[in-house]
Amino acid sequence: MSYAPKDIEEKWQTRWAEARVAEVDVSAPGEKFYMLNMFPYPSGDLHVGHGRNYILGDALYRYFRMRGRVALNPMGWDAFGLPAENAAIKRGIHPREWTVNNIARMKLQFARWGILYDWSKELASCEPEYYRWNQWLFLQLYKRGLAYRGKAPVNWCPADQTVLANEQVVDGRCERCGSEVVQRVLEQWFLKITDYADRLDAGLDTLEHWPEKVKLMQRNWIGRSVGADVEFPVPAIGGSIRIFTTRPDTIYGATFMVLAPEHPIVPALIADHPQRAEIEQWIAGVRNQSNLERQEAGKEGRFTGKYAINPFTNEEIPIWLGNFVLMQYGTGAIMAVPGHDQRDFEFAQQYGLDIRVVVMPNVGRASARPDGLKPVLHEAYAAKDDSAIIVNSPLIDGLAPPQAIERIIDEIERRGIGKRMVRYRLRDWLISRQRYWGTPIPMLYCETCGIVPVPEEQLPVRLPLDVPFTGREGNPLAKDERFVNAVCPECGGAARRETDTMDTFVDSSWYYARFISAHDDMKIFDSKLVNRWLPVDQYIGGIEHAILHLLYARFITRTLHDMGLVDFEEPFASLFNQGMIIKEGFRTAAGQWVPLDDVETRDGTPVRKSTGEPLTAEMAKMSKSQFNVVPPDELIARYGADTERVYTLFIAPPEKEAAWSDDGVVGASRFLNRVWGMAPHPALRATLSHDAGEGLGVRALLRKTHQTIDTVTRRIDRFEFNTAISALMELSNAIGDAVAEGLDVRQSYLVLLQLLHPFAPHITEELWEMLGGEGFILTSSWPVADPALMAEDVIVIAVQVNGKLRGQVEVSNPPAEAEVLAAVKENANVQRWVEGKQVVKTIYVPGKLVNVVVR
RNA sequence: GCGAAAGUGGCGGAAUUGGCAGACGCGCUGGACUUAGGAUCCAGUGGCCCAAAGCCGUGGGGGUUCGAGUCCCCCCUUUCGCACCA
C-alpha cells in the first residue's frame with residue numbers, strides 16, 4: 001500500500017475537528033500550558049514562510065499535550081487596519097467583507113497544515129464583541145489619567161488626509177500613495193506609557209526566557225539615562241536655563257551651552273540680536289528638516305549673543321543654538337563639554353569655541369599622566385569608569401568619574417541649582433488614527449462640557465458599516481452625520497463624537513487575556529481564570545514585533561495589574577522569534593523583479609524570457625511583489641502537509657533565516673515515505689520480547705530507540721527542531737536496517753511514531769491506527785527514555801600514548817576503575833584513572849601522555 | 001560611529017563539559033529497476049593522492065592545553081539593531 005497523503009490528511013483533519021480535540025475547558029484541572037502564536041493580520045493568502053511560524057507552534061502544542069499538559073492553543077485575528085481599507089477603496093469591497101473572506105481562507109489553510117487551534121475561543125478585533133472592551137479599557141485608562149489629549153507633531157499625508165504611523169512612512173513618503181509626508185502639529189490622543197518607563201525597563205530583568213536581543217532592543221528604546229538637571233543662570237534675561245546631563249562630573253569643562261533651535265526661550269534670547277531675521281530663518285529651516293536631513297546636514301549653529309554662567313567655574317559661557325540638540329529629549333538644552341563629548345567637540349572645532357580638559361586617563365602618578373591638557377578628544381578622556389580621573393575641577397579633583405558624579409550632584413542639590421534625574425527616550429504612545437477601519441475612540445466633545453467620555457453602559461460605540469469609501473477625502477467617519485452627532489451624557493446638549501480610531505496596536509496589547517473568556521459580554525475577562533492561565537507559557541512571533549507590540553503589551557498588562565484585574569506584570573513568560581523564510585527571486589539590472597514564468601536559464605545564467613536581458617538571482621523575503629512566494633497548496637497536493645511541516649522545521653534552526661529549496665523538500669518526503677514503507681512489514685506484527693539470547697541487533701536498536709527519545713525530548717525543549725528531526729531520521733534508518741535483517745522492530749517503530757507526531761501528525765495518526773494503537777496518538781503519552789537501556793553494554797577504550805595508539809581494550813560499561821586501570825597499565829604503564837560519565841576522560845601522567853578514548 | 005550576533009564541505013546545517021570535525025538532509029558521481037525519469041532503491045561523496053599509507057583541513061594570525069570548531073588576545077568579513085538621546 002502506498003502512501004497517499006491527501007486522503008490520510010483529510011481523514012485526520014476531519015476527525016480532529018469532529019472530536020474537538022483542541023477545545024480546552026479553562027476551568028478543568030491539570031497543569032496548564034498556554035501556547036500562543038501572535039495573532040495574524042488577516043491579509044489573505046498564507047505562504048510557506050508564514051507556515052513556519054504556525055507549524056512551529058503546533059508542533060510545540062502537540063508535544064506539550066503528549067507530555068500531559070492541559071494545553072491551550074487559541075487563535076484570533078488582528079482584524080482592523082489599513083490594508084482592509086485600501087482594498088475597499090481600490091476594489092469596492094467593504095473592509096469587513098474583505099476581512100471576513102480572508103479569515104475564512106486562512107482558517108482553511110491552517111486546517112490543511114494540520115494545525116490544531118481551539119476555535120471555540122476565536123476572536124476578531126474588528127467585531128464589536130471584542131472592540132467594545134478595547135473602548136472600555138481606554139475609558140479606564142482615561143479615568144486614571146493614562147489617556148490624554150495633547151498636541152504633537154505627527155506624520156501627515158496630505159493626499160490621504162491622515163496621520164500615519166512611523167512605520168507607514170517609508171523614506172519620508174507615504175507607503176500607500178507615495179506623497180511626501182509632512183510634519184504637522186495636531187491634537188491627538190496619547191497613552192501615557194512614559195509613566196511606566198521605569199517599570200518596563202526594570203521588568204526586562206525578570207524575563208529569563210526572552211531573547212537577549214529583544215530585551216536589548218526594548219532597553220534601548222526605553223533609553224534610561226541617569227544624570228542630573230542643572231540650572232545655568234542667564235543674567236541678560238534675568239532667568240536661567242535648565243540642562244540635563246549624564247556627566248555632571250565634567251561640568252567644569254562646560255565652556256558653552258547649546259539649545260535646540262525650537263527651545264521656547266530662544267525668542268527672548270535673540271530678541272535684540274542684530275541678525276535676528278537671519279537666525280529666525282535658519283531656525284525655520286531646521287524645523288522643517290526631518291531628523292535624518294538634520295543629521296545629514298552636519299552640525300550647524302548660531303550664537304545667540306547671550307551668555308550663561310557656569311555655576312561651578314562662575315565663567316560666562318556663550319549660549320549657542322545647534323541643530324544637533326533635540327527638543328524632544330531631556331530639556332532641549334545641553335551644557336557642552338567639548339573636551340569629552342564627540343558632538344560638542346565637533347561643534348567647538350567648527351566654531352572655534354574653548355575646549356577644556358577635565359578628565360584624564362588614570363595612570364597612577366600625576367607625573368606619569370600624558371600632558372593631557374591639550375584640546376583633543378580621545379577615548380580615554382571620555383571614560384566614565386575608574387580608568388579615568390577628574391582634573392581641573394577644584395571640588396572633585398582626583399576622583400574617578402563614578403565618585404565625582406555622586407559628589408558633584410550632592411553639591412548641586414545642596415546649592416539648590418538642580419537635582420538627580422533619570423530620563424527616558426521613550427515617548428508617549430500616540431494612538432489616534434484618522435482612519436475608518438479601527439476601534440472608535442469612545443469620547444465626545446460637548447460645546448458646554450468639553451471632552452466627555454462615553455458612559456460605559458453605552459459601549460460599544462459601534463463602527464457604522466454603511467459608509468462610502470472614496471479614499472481621497474479623509475476619514476469617512478468624520479462625514480457620517482449619524483455617527484458624529486451625539487448627545488452629551490452630562491448636560492444632554494449636542495455633542496460631537498470623536499471620529500479618530502485607535503491604533504491597532506491597542507487591539508493587540510491585551511488579546512492574549514481575552515482568549516481565556518473570549519465570549520464574556522459582561523466584562524473584559526474573568527480575572528480568576530486569567531490569573532490561572534497567564535502569563536502565556538510560550539509566545540511565538542516575528543522579530544519585527546520586538547519593540548512595538550511587545551512593549552505595548554507589557555505596558556497594558558501593567559495598567560491591568562494596577563487596576564487590580566490581573567496579578568502579574570509580564571504577559572509572556574517565554575518568547576521565541578522564528579526566522580523568516582527567504583527564497584531566490586530574479587531582478588533586472590534596473591532592479592525590477594521578474595515573474596518566474598518569465599525567467600529561463602541560458603548558458604547557466606538566468607535571463608528574462610520576454611526580452612532576453614540578463615537577470616540576477618537574489619535571496620529575499622517571500623513576497624508577492626518579488627514573485628518568490630511558495631504557496632502551500634501545490635506543495636501539499638504533491639507531497640502532503642506532513643512533508644511541508646517536516647521540511648519547514650528541518651530546513652534550519654528555527655530562529656534563523658532559512659532559504660527555501662524546492663529540491664530540499666523531497667528529502668522530507670522520502671523520509672516520510674520510508675517511515676510509511678516500513679509499516680506493513682511482517683516484522684511489525686510480531687511480538688517483541690527481550691529474553692536473553694536475543695540477537696545483538698535487537699539490543700542495539702532498543703538502545704538507539706531510547707537514546708533517540710532522550711535526544712529528541714531535550715532538543716524540542718531547546719527549540720532544536722532541525723536536529724530533533726535528524727535524530728528521528730537516524731532512528732528511522734536504524735529501524736529500516738533492522739527490518740531488512742528481519743528483526744522485530746515493533747516497539748521501536750511505535751516510539752518513532754510518537755516522537756514524530758508533533759512534526760508529522762497525520763501520517764503518524766494513520767500508522768498508529770493501523771498498528772492497533774488506542775485513541776489518537778495525540779492523546780497518547782510521550783515516551784520516556786530508560787537510562788539503563790540507553791547505555792552501551794561494553795565500550796572499547798583506545799590507549800594512546802603521546803598520540804600513538806598503544807592498544808584497544810574492551811571494558812564493561814560503566815567501566816570499573818580497576819578494570820580500565822589494569823587495561824591501561826598493561827598497555828601504557830599508567831598510574832591514575834579519571835572517570836568521566838560515559839566517555840572516558842583524559843589520563844595524564846607527567847612525562848607521559850596517555851589518551852583514553854571511547855570507541 | 002555605537003551596540004549585538006555570527007563566520008565549519010558545492011548547499012542547508014551537526015558536534016553536553018575542550019576529546020574520532022562534517023551527524024542528518026540536499027546536490028553530485030556510479031549502479032539497479034525502467035519505454036522514460038524531475039519516480040524509487042543501493043553504494044560513494046571535505047581536500048591533496050590512480051590507490052593505499054600519509055598529510056592538510058572549522059575566516060586570518062598568535063596563545064593556553066597532552067588535546068581547540070569550542071577557551072584567551074589581535075585582525076578581517078558578514079548580518080542585524082540603534083542612529084546626534086547630551
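Owing to the predicted nature of the structure, the values given are computational and were not obtained by experimental measurement. Chain letters run A, B, ... following the sequence lines, proteins first and then strands; every chain starts at 1.
Checked against side chain to side chain donor-acceptor pair (under 3.5 Å), A:E657 has no partners two or more places apart in sequence or in another chain. In this structure, A:R638 has no salt bridge (charged side-chain N to carboxylate O under 4.0 Å, His left out) partners at least two apart in sequence or on a different chain. Partners of A:W320 according to the side chain to side chain donor-acceptor pair (under 3.5 Å) rule, which considers only residues two or more places apart in sequence or in another chain, do not exist here.
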Secondary structure string for RNA chain B (Watson-Crick or G-U under 3.5 angstrom, | for other-strand pairs): (((((((..(((......[....)))((((((.......))))))(((.....)))..(((((..]....))))))))))))....
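Each of A:R714, A:Q707, A:H706 was compared with A:D710 under the side chain to side chain donor-acceptor pair (under 3.5 Å) criterion, and only A:R714 meets it. Among A:T250, A:V258, A:I334, the one residue that satisfies the side chain to side chain contact (heavy atoms under 4.5 Å, CB included) test with A:D344 is A:I334.
Within the cation-pi definition used here (under 6.0 Å to the ring centroid, within 45° of the axis), A:R645 does not qualify as a partner of A:F759.
Separation of the C1' atoms belonging to B:U34 and B:U40 is 10 Å when rounded to the nearest angstrom. Spacing of P atoms, B:G62 relative to B:C50, comes out at 31 Å, to the nearest Å. For the P atom pair drawn from B:C20 and B:U58, the interatomic distance equals 16 Å after rounding to whole Å. Across the C1' atoms, B:A32 and B:G37 are found 14 Å apart, a figure rounded to whole Å.
Taking atom CD on A:Q218 and atom C1' on B:G3, their separation rounds to 16 Å, with Å as the unit. Taking atom CG of A:D229 as the reference point, atom P of B:A86 lies 12 Å away to the nearest angstrom.
An OP1 or OP2 oxygen of B:A14 is reached within less than 4.0 angstrom by a side-chain nitrogen or oxygen of A:N722. For B:G25, one of the phosphate oxygens OP1 or OP2 lies less than 4.0 angstrom from a side-chain nitrogen or oxygen of A:R674. Between A:N220 and the phosphate of B:A83, there is no side-chain N or O to OP1/OP2 separation shorter than 4.0 Å. Taking side-chain N and O atoms only, A:S225 has a distance below 4.0 Å to OP1 or OP2 of B:A86.
Between A:D229 and A:R420 there is no salt bridge, since no side-chain N of the basic residue sits under 4.0 Å from a carboxylate O of the acidic one.
Glycosidic conformation at B:G7 (O4'-C1'-N9-C4 for purines, O4'-C1'-N1-C2 for pyrimidines): anti, more than 90° from 0.
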Would you tabulate the nitrogen or oxygen pairs shorter than 3.5 Å linking the protein to nucleotides 26-29 of chain B?
unit_1: B:C26; atom_1: OP1; unit_2: A:R670; atom_2: NH1; d: 2.5

List, with names and distances, any nitrogen or oxygen atoms from the protein found under 3.5 Å away from nitrogen or oxygen atoms belonging to nucleotides 4-11 of chain B.
none

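Closest of all the heavy-atom pairs between A:A404 and A:D249 is CB-CB, 3.7 Å.
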